[in-house]
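Here is the structure we will look at.
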2 protein chains.
Amino acid sequence: MSTISKENYLKAIFLHNRIGENASTSKVANKLSVSNAAISDMAKKLSQEGLISYEKYRGMELTAEGEKIALRVLRRHRLWESFLIKALGMSWNEVHDEAERLEHHSSDSLIDKIDEYLSFPDFDPHGEPIPKKNGTFPKIPKSISLSEVQVGNTYQIIRVNDQNTELMNYLTKNNLLLNSKLEVVDKLSFDNSVVVKVDNKKNSLSEKISKSIFVKILK
Amino acid sequence: MSTISKENYLKAIFLHNRIGENASTSKVANKLSVSNAAISDMAKKLSQEGLISYEKYRGMELTAEGEKIALRVLRRHRLWESFLIKALGMSWNEVHDEAERLEHHSSDSLIDKIDEYLSFPDFDPHGEPIPKKNGTFPKIPKSISLSEVQVGNTYQIIRVNDQNTELMNYLTKNNLLLNSKLEVVDKLSFDNSVVVKVDNKKNSLSEKISKSIFVKILK
DNA sequence: GTAAAAAGTTAAGCATACTTAACTTAATAA
DNA sequence: TTATTAAGTTAAGTATGCTTAACTTTTTAC
């Protein structure tokens, strides 16, 4: 049976797999804020249920069945976020934690009504694709992360990784919003930080932050 | 600490206390669909935490602290129900089960936003009072239950006990909605059922159903 | 190629919230 | 008033999802 915990494990594994990373024990443990031991435990259960393929010491990967559940949770999460912003005027940085809980406690029928209310959007307010009811995934527009940009060019933010409320707060405060335009002023190979100019204000972004921001180049 | 289970226990006790009934072990067990043993167990814990007063074999009553939590849960439930109906066009009979889960998984800030969206309503779509943020409870209009009416009179429904989805479905199907007008055609003392006429259609209602419907007399 | 460090696993234990079975207390009916 | 029934409680046991501590495997650095 698929419990709340299991849904969260599957979602975490999915998000790792999606960026091409192997979902290792400690990465998943870190994302879920539990011990490595808890991951090993759960990996066995999920594997037995046919939701992941798991070889000891070698990380985890979703099966088709596991991916189906993960996509369903992700769909709920992103629709809730979109809805809370659109219907209740909540802000970018408030909705993540809220959706993190609501995603486990809404019926299919409610989620479909939200989808309809929003006119079946392809992307959420962070630019992330919203899985469709039929399990398909809207194609993500070609983008590069801010950690890969070139000094001198101008870019537009088209997607932000919304995994962390603190990051969202920071970006909001610094006007690094969806569709914001920025000029890359400098890159420091010392710490892989990037200096950008937004609204004529300079801002230095750490490697970790820049890796969470996805942009496209403006001609 | 107040977990989801504890919130549900407190809510159940509150709803029993409110109608003047003593919250006995088996009544609460029945409402929560758990064994009597589970109630005895939990009663001890809630009592230790100062949320209920409990004397073995003598039922349970909320303390001021327990009532505060119960009212907070009830507020969430009724605001969620109202919101799902207003914002998403869900129906009377769909929202109870949904709200039953959502009430445990929304922040104060979200609930307040919903309250604001709805312009701080005093009553939910079942006519039930919505506890206010400050813990007060809107006054319920004087009403009698359908089990107490007099044959020959005409009444209007002003409140319905929304504890059960099946009941809601039945009422919806038979046009027994909030504000519906009905004429009392007959009362059978044999089984305490009531025969009413709604939209010129006669309908016999069991004692249990009639006790869940509250009306006011129309001159 | 091996030693040290990092990552992962296993085992034992815990809290929560239940269950069933056995028992006790209270209510009721003759 | 007492025997029977109903209601309530206790005790023992279970599943879930964690923890810490001890141990094993893999990776890395020399």
Side-chain angles (χ1 to χ4, degrees), chain A residues 1-17 19-62 66 69-70 73 100-101 103-105, chain B residues 1-17 19-62 66 69-70 73 100-101 103-105:
Chain A
M1 217 216 13
S2 181
T3 64
I4 294 169
S5 265
K6 284 178 187 168
E7 286 186 355
N8 282 329
Y9 278 79
L10 294 172
K11 191 177 58 164
I13 296 167
F14 177 86
L15 290 172
H16 267 297
N17 283 171
I19 54 175
E21 270 183 23
N22 180 31
S24 68
T25 298
S26 43
K27 272 179 196 150
V28 179
N30 191 51
K31 170 132 18 177
L32 297 177
S33 299
V34 296
S35 66
N36 282 5
I39 305 295
S40 288
D41 250 29
M42 186 62 95
K44 260 181 253 163
K45 292 180 202 165
L46 292 174
S47 177
Q48 261 169 20
E49 290 181 49
L51 301 175
I52 66 172
S53 68
Y54 169 56
E55 208 187 326
K56 281 205 300 189
Y57 302 105
R58 296 284 142 191
M60 294 153 269
E61 220 171 298
L62 296 180
I69 296 174
V73 178
E100 202 69 12
R101 292 186 302 269
E103 68 188 10
H104 306 294
H105 303 283
Chain B
M1 216 215 12
S2 182
T3 64
I4 294 169
S5 266
K6 284 179 187 168
E7 286 186 355
N8 281 330
Y9 278 79
L10 294 173
K11 189 177 59 163
I13 296 166
F14 177 87
L15 291 173
H16 267 297
N17 283 172
I19 55 175
E21 270 184 22
N22 179 31
S24 68
T25 299
S26 44
K27 272 179 197 149
V28 179
N30 191 50
K31 170 131 17 178
L32 297 177
S33 298
V34 297
S35 66
N36 282 6
I39 306 295
S40 288
D41 251 30
M42 186 61 94
K44 259 181 256 163
K45 290 182 204 164
L46 293 173
S47 176
Q48 263 169 18
E49 290 181 49
L51 301 175
I52 66 171
S53 68
Y54 168 57
E55 208 186 325
K56 280 204 301 190
Y57 303 104
R58 297 284 144 189
M60 293 153 270
E61 221 172 299
L62 295 181
I69 296 174
V73 179
E100 202 70 11
R101 292 186 301 270
E103 67 188 11
H104 306 294
H105 303 284

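Below, chains carry the letters A, B, ... as their sequence lines are ordered, and counting in each starts from 1.
Residues B/V28 and B/M60 share a closest heavy-atom pair of CG2-CE, 4.1 Å. Nearest approach of B/T25 to B/N36, heavy atoms of both residues: CG2-O, 3.7 Å. The nearest pair of heavy atoms linking A/L62 to A/A70 is CD1-CB, 3.9 Å.
The nearest whole Å value for the distance from the NZ atom in A/K27 to the P atom in D/dT27 is 12 Å. At whole-Å resolution of the value, CE in A/M42 and P in C/dG8 are 17 Å apart. As a whole-Å value, the separation of B/L32 CG from C/dT16 C1' is 16 Å. Note: CG (A/N8) to C1' (D/dG17) measures 12 Å, nearest angstrom. Protein atom CE of A/M60 is 10 Å distant from nucleotide atom C1' of C/dG8, rounded to whole Å. Summarising the geometry, the separation between NE2 on A/H104 and P on D/dG17 is reported as 12 Å, rounded to the nearest angstrom.
Separating the CG atom in A/N8 from the NE2 atom in A/H104 is a distance of 3.5 Å, to the nearest 0.5 Å. Between atom CG of residue A/L10 and atom CG of residue A/L51 there is a gap of 5.5 Å, rounded to the nearest 0.5 Å.
At a threshold of 4.0 angstrom between heavy atoms, the contacts of A/S26 are confined to the sugar-phosphate backbone, with no base atom among them.
The side chain of B/S35 places no N or O atom within less than 4.0 Å of a non-bridging phosphate oxygen (OP1 or OP2) of C/dC18. Under 4.0 angstrom from either OP1 or OP2 of D/dC18 there lies at least one side-chain N or O belonging to A/S5. Side-chain N/O atoms of A/Y9 include one lying less than 4.0 angstrom from OP1 or OP2 on D/dC18.
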Atom pairs under 3.5 Å, N or O on each side, protein against nucleotides 9-13 of chain D: can you list them with distances?
unit_1: D/dT9; atom_1: OP1; unit_2: B/Y54; atom_2: OH; d: 2.3
unit_1: D/dT9; atom_1: OP1; unit_2: B/Y57; atom_2: N; d: 2.9
unit_1: D/dT9; atom_1: OP2; unit_2: B/T25; atom_2: OG1; d: 2.9
unit_1: D/dT9; atom_1: OP2; unit_2: B/S40; atom_2: OG; d: 2.6
unit_1: D/dT9; atom_1: OP2; unit_2: B/Y54; atom_2: OH; d: 3.3
unit_1: D/dT9; atom_1: O5'; unit_2: B/S40; atom_2: OG; d: 3.3
unit_1: D/dT10; atom_1: OP1; unit_2: B/K56; atom_2: NZ; d: 2.8
unit_1: D/dT10; atom_1: OP2; unit_2: B/K44; atom_2: NZ; d: 2.8

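When distances run from any side-chain atom of B/K45 to the nucleotides C/dG8, C/dA17, D/dG8, the shortest one goes to C/dA17.
With sequence neighbours excluded, no residue forms a salt bridge (Lys or Arg N to Asp or Glu O under 4.0 Å) with A/K31.
Among residues at least two apart or in separate chains, salt bridge (charged side-chain N to carboxylate O under 4.0 Å, His left out) pairs with a member in residues 32-60 of chain A are A/K6-A/E49.
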